[in-house]
Enquirer: 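Sharing a structure below in structure tokens format, with a few things to ask.
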Amino acid sequence: MSLTDAQRAAAHAPGSVTVMAGAGSGKTHMLVSRYLHHLDTLSPLQVVATTFTEKAAAELRARIRRGVLASRPGDLDTLAELEAAQIGTIHALCARIVRDHPSAAGVRPDAAVLDAGQARVWRSRHLRAALAQLPTRTFRHLPFTRVAALLPALLDDPLLTRRAFDVGRGPWEDWAQRARTDAYVALTGDPAWQGAVATLHAHAGEAGDRIEDVRQRALTLLDDLAGPDPSGAAEALIALPLTGGSAKAWPGGALPLVKEAVKTLRAQLSSALDAGLLMLAPGSTDEWLAAALPDLEAAFTHVQEQLGELKRRAGLLDFADLEVQALRALDDPAVLAHYHARWQAYLIDEAQDTNPVQAELLERLAGPARRTLVGDEKQSIYGFRRADPALFRAAGKRITEAGGASVALDRSFRTHAGLVDVTNRIFGPLLGALHTPLQAERPSPGGVTAHAWHLSDTKPKARAQAAEAAHITAQVQALLALPESGLGRPLRPGDVAVLTRGWAALRPIGKALAAAGIPVHEAGTGSLLATQEARDGLALLAAASHHDPAALVAVLRSPLGGADDTAIWDLVRAASDSDLFTALAASSDPRLERSRTLMADLRRLARHEPPSALLRRADYLTGYTAVLANLWDAERRSADWRGFTDFVQDLERQHEDTFTVVQVLRETLDAGVDVPRPLLEAGDAVTLTTMHSSKGLEWPVVITANLDWSPPPETADLLLDADLGVGLRRDQQASVPWTLIAARRRAREDAEARRLLYVALTRARDHLILTAGAPPKRGSLLDLLVPGLSAAGVPLTERTAADATGEPAPPVDPPAAPPVSAYWTDPVHLGESLPTATTAAAPPTTAQSDADWAELLDLLDPTWTAWAAALASCGVPAPSDVHVDLPVAGRVSGHSALMLWRRAGGDVLLVDTAPPGTRALTVHLTDDPADVARRLHDLL
């Protein structure tokens, strides 16, 4: 493919160049051409190319290799040097510096690098011992448990933590005063606020009218808000009543206008107060924080030194160490001079994703070399990794000030002209000054290119999710039925992607698509150890090697054991004088025969077989993978089971016995490590993935769903900022620095959410569909998009759940309830003895027995939690995964209790034991919780 004028200007620039590369603008093609241009005068050994993922680095090296083969056939020397060239991630570059100069870096020559997951597990394993060595004086203001909870966050980014502690007790009173002033100016300068105030001034009702009194009171309170003590005025303004008022007392029909104006003022003021800045002032929490900071800093310093010494002795480095120690090596003038002479050109891809340490390292390392800085501020979406687009902006400014070039790649080779025109108009209001319009290379095929949809009735949430999933399914079916798609052929499932902000929202969508016979491909979906298959496998290994009764219960309830809740409860009662394992081995209950055989076999094998052999044996005995193969997402679940087995095999190469492997698995879970799930070949299937994971990819049709997502409130007790220092909360009371840092984070997250929407929407080549399960709500993704949709003329359609698919939802009749006695003999104890259709044995009454049963409930898999939430949203009480007793206030009138029973066949029986008689409803685990809730609601 030939170069455009802009690409050629960047690729052939004689000196350094900053390249602003828009979405789909042929960035990688330009980068390869730039690398080949350097090879006209330099060896590959003199050129450094950095990217931010191993996958991207491998792709770049492969494309450069193809470029050399095409442009320099027979140049074997260059090809050989290319294999040794520095083309890789920023951490690979740091590792090379540290290996080349271990003495200057302050590390052992044989130091091993831990990946992010390994580093978290290692730290979790050694943190408790380091904490135990802290002196008693450290806990004068913060108890041990609090310090232990705060230290992991401090250790996650030690450089930022050190800079935050250096701020110390800043001028908090001055900061609070400025924040109050800025918040008041922002509030009163908002066009909605000013319009409401103007309405109150422009209209007046007759004296004595209730709303006229409210209007006058509101104007007085608005003046008081600007006074020295505005808190009372704010409370009074929010509390103003809007009932009453006579339309006859208001000339020109102004009554509803005045009411709406007061309502606007109350809402705007409430939002400002929630942000915490309008009334911000230092208080007792700040006094406590000032006293606690030195102790917390001492604890951090002590633990960091202890862990650092342990790592040095073991010859270990994590990614943060790599960056810091590489920077330390560059402090040596000889090392710096070595690299300035060795590497003459740098290509830095995705430069908007660098963090402050990486940016400093690259700046010092490159020195006088030619630099090609490639990035796009609009695609900076990794703030949680401390990526800062301002660093890219500053580095680009330094290049141009030194005489380098600046090139914008604004021609999209991905999206056709019609859709580019629509998205350009959306992005204007969305991104503001950051927006630079794209130019389309492909002509428009004509027709509608984008539309948006949201649900109006959103109660319960599960119903809204089901309706949105049904709408998406109907849209995909309609698109797949078209005889022509603009691709020269009918659209295929593999041409479609559904993107959401988080993984959880993809589940009901995938389920609805699969139920309609449309193949789906989940491209990742979180951590392997969080999957049900890994949890089943871990419980199996723990029960076999650790004599863990909680793990045994989890195995019994899983497809591996296949026991229902009644059988488990009977086993718990039988084990009153022994442990569960002994009771299981002695049981003659036919419902537990499978579990009894399984555990006897595995506990014998665990003495001499590796854990992966136990997993394979369990599958052979129970047909576990055959069960997975019959579920709607069989391919994904089966891959997760294989992935867990492979992960266990990797661990057993270092730790042969099952007992130790289980310990490592539990440490990995406790440390919150995300273990990647196995990748699946997408094939001809609809791709389900997150907006973050979609970066760098494209599809003919993109559906961005779950746009009603809103950022959760800040819940961290500890916040850090290089300028504002350390922010802490005490008993949920925020300090001044915590409030200011939280506000700064909210602003950054809002900006990043806008950039994330840019990334998501620009993945579409031909057709874009936007959906949400709720109307635009302040702060939601859809709310951010609304001004842009209006500017682009994209209609925002509102529908109800009933007509989400274009047709009224047909009623679902519950099946005839089978006799209850066919399913159990004794009731599950839920805090009280309940009447049933059979003779019930008296449940245990001791506190210890109830606590044991509470523990069993707590082991229920995520399906239980999903159903409990769906049922509760319909007003039906359900057992919680935490609370055992059913509160009287939460019961449906006339219904004593609702119980869920798992049967060996995999169904669940939902049982109501209230008069006029026990009634039951059988459902399958693959049923949608919202549908189950509706059917049960009808039954009751």
Side-chain angles (χ1 to χ4, degrees), residues 6 10 17-25 27 182-183 185-194 275 277 350-356 359 373-383 386-401 404-412 415 419-440 450 691 695 704 707 711 723 743-763 770 776 778-794:
V17 58
T18 300
V19 183
M20 279 72 73
S25 60
K27 173 197 67 175
D182 292 345
V185 170
L187 173 67
T188 57
D190 186 284
W193 179 276
Q194 292 180 340
L277 300 177
E350 302 288 2
Q352 78 280 349
D353 291 333
T354 51
N355 66 37
L373 203 66
V374 184
D376 182 6
E377 285 188 62
K378 301 185 295 300
Q379 298 189 67
S380 179
I381 57 173
Y382 297 115
R386 291 199 65 215
D388 186 352
L391 298 170
F392 169 59
R393 189 163 57 245
K397 183 179 179 182
R398 288 193 294 272
I399 286 176
T400 54
E401 288 177 346
S406 177
V407 177
L409 302 184
D410 60 1
R411 185 167 293 277
S412 173
T415 308
L419 187 50
V420 165
D421 178 62
V422 170
T423 52
N424 275 337
R425 284 182 280 155
I426 291 174
F427 297 144
L430 181 70
L431 299 174
L434 195 60
H435 175 51
T436 52
L438 290 170
Q439 308 297 319
M691 296 178 184
K695 193 167 182 287
T704 56
L707 291 173
D723 301 319
R744 182 174 286 189
R745 285 176 57 143
R746 281 195 300 271
R748 284 199 297 261
E749 288 166 358
D750 176 84
E752 185 162 304
R754 295 170 184 271
R755 298 193 296 267
L756 183 63
L757 286 168
Y758 172 85
V759 168
L761 271 58
T762 54
R763 301 308 96 194
L770 314 173
R778 187 178 180 88
S780 69
L781 296 177
L782 185 58
D783 180 54
L784 297 179
L785 278 171
V786 163
L789 296 175
S790 177
V794 176

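For the numbers below, each heavy atom of this structure counts, side chains included, while hydrogens, waters and symmetry mates do not. In this chain, residues are counted from 1 in sequence order.
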Enquirer: Rounded to the nearest 0.5 Å, what separates atom CG in D353 from atom OG in S380?
Expert: 5.5 Å
Enquirer: Of all the heavy-atom pairs spanning M691 and V759, show the shortest one and how long it is.
Expert: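 Closest heavy-atom pair between M691 and V759: O-CG1, 4.1 Å.
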Enquirer: So which atom in L277 and which in A183 form the shortest heavy-atom distance, rounded to 0.1 Å?
Expert: CB-CB, 3.9 Å
Enquirer: Mind checking what makes side-chain contact (heavy atoms from CB on, under 4.5 Å) contact with D421, not counting sequence neighbours?
Expert: R425
Enquirer: If every non-hydrogen atom of L781 is compared with every non-hydrogen atom of A753, which pair is closest and at what distance?
Expert: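 Taking every non-hydrogen atom into account, CD2-CB, 4.1 Å.
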Enquirer: Run the side chain to side chain contact (heavy atoms under 4.5 Å, CB included) check on L707 and L784 step by step: do they pass?
Expert: CA-CA 10 Å; L707 291 173; L784 297 179; over 6 Å; no
Enquirer: Closest heavy-atom contact between S25 and A21?
Expert: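 In terms of heavy atoms, the two residues are closest at OG-C, 3.6 Å.
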Enquirer: How many angstroms lie between atom CZ of F427 and atom CZ of R754, to the nearest 0.5 angstrom?
Expert: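 CZ of R754 is found 13.0 Å from CZ of F427.
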Enquirer: Check R744 with D723, please: is the shortest side-chain N to carboxylate O separation under 4.0 Å?
Expert: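 Between R744 and D723 there is a salt bridge, with a charged N closer than 4.0 Å to a carboxylate O.
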Enquirer: Specify the closest pair of heavy atoms between P711 and G779, including all atoms of both residues, with the distance to one decimal.
Expert: CD-O, 3.3 Å
Enquirer: Where do T188 and W193 come nearest, in terms of heavy atoms and distance?
Expert: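 Where T188 meets W193 most closely, the heavy atoms are CA-CD1, 3.4 Å.
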Enquirer: When you compare the side chain of V17 with that of V407, does any pair of heavy atoms fall below 4.5 Å?
Expert: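 Result yes, sub-4.5 Å side-chain heavy-atom pair found.
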Enquirer: Can you tell whether the side chains of E350 and K695 come within less than 4.0 Å, N to carboxylate O?
Expert: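 Looking at K695 together with E350, the answer is yes, because their closest N to O distance falls below 4.0 Å.
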Enquirer: Check whether any side-chain heavy atom of P356 sits under 4.5 Å from a side-chain heavy atom of L391, and report yes or no.
Expert: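 Counting from C-beta outward, P356 and L391 do come under 4.5 Å.
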Enquirer: Just so I know, are the side chains of M20 and D410 near enough to count as touching, which here means a heavy-atom distance under 4.5 Å?
Expert: no
Enquirer: For T436, give me all partners under side chain to side chain donor-acceptor pair (under 3.5 Å), at least two apart in sequence or on another chain.
Expert: K378
Enquirer: Are T415 and T423 close enough, and set up right, to give a side chain to side chain contact (heavy atoms under 4.5 Å, CB included), and what steps lead you there?
Expert: CA-CA 10 Å; T415 308; T423 52; 5.6 Å; no
Enquirer: Quick one: pull up CZ in R411 and CG in L438 and give me the separation to the nearest 0.5 Å.
Expert: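 R411 atom CZ to L438 atom CG measures 10.5 Å (nearest 0.5 Å).
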Enquirer: Please lay out, stage by stage, how R746 and D750 fare under the test salt bridge (charged side-chain N to carboxylate O under 4.0 Å, His left out).
Expert: CA-CA 6 Å; R746 281 195 300 271; D750 176 84; over 6 Å; no
Enquirer: Suppose we screen for side-chain contact (heavy atoms from CB on, under 4.5 Å). Which residues come up paired with S780, at least two apart in sequence or across chains?
Expert: S710, K777, L782, D783
Enquirer: With a 4.5 Å limit on heavy-atom distance, are the side chains of L785 and L761 in contact?
Expert: yes
Enquirer: Which residues satisfy the side chain to side chain donor-acceptor pair (under 3.5 Å) test with E377, sequence neighbours excluded?
Expert: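 Side chain to side chain donor-acceptor pair (under 3.5 Å) check on E377 returns R393.
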Enquirer: Test L789 against L770 for side chain to side chain contact (heavy atoms under 4.5 Å, CB included), laying out the working first.
Expert: CA-CA 10 Å; L789 296 175; L770 314 173; 3.6 Å; yes
Enquirer: Is any side-chain heavy atom of T704 closer than 4.5 Å to a side-chain heavy atom of L757?
Expert: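 In short, these two side chains do not touch, never coming nearer than 4.5 Å.
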Enquirer: Take V374 and K27 through the test side chain to side chain contact (heavy atoms under 4.5 Å, CB included) and record every step on the way to the result.
Expert: CA-CA 8 Å; V374 184; K27 173 197 67 175; 3.4 Å; yes
Enquirer: For A23, what residues pass the side-chain contact (heavy atoms from CB on, under 4.5 Å) criterion, not counting sequence neighbours?
Expert: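 Result, side-chain contact (heavy atoms from CB on, under 4.5 Å) vs A23: Q379, R414, Y758, T762, R763.
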Enquirer: Can you name the side-chain contact (heavy atoms from CB on, under 4.5 Å) partners of A751, sequence neighbours left out?
Expert: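 Listed in chain order: R755.
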Enquirer: Rounded to the nearest 0.5 Å, what's the gap from CG on L430 to NE2 on H435? Could you check?
Expert: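 Between atom CG of L430 and atom NE2 of H435 there are 9.5 Å.
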Enquirer: To the nearest 0.5 Å, tell me how far D388 CG sits from T354 OG1.
Expert: 8.0 Å
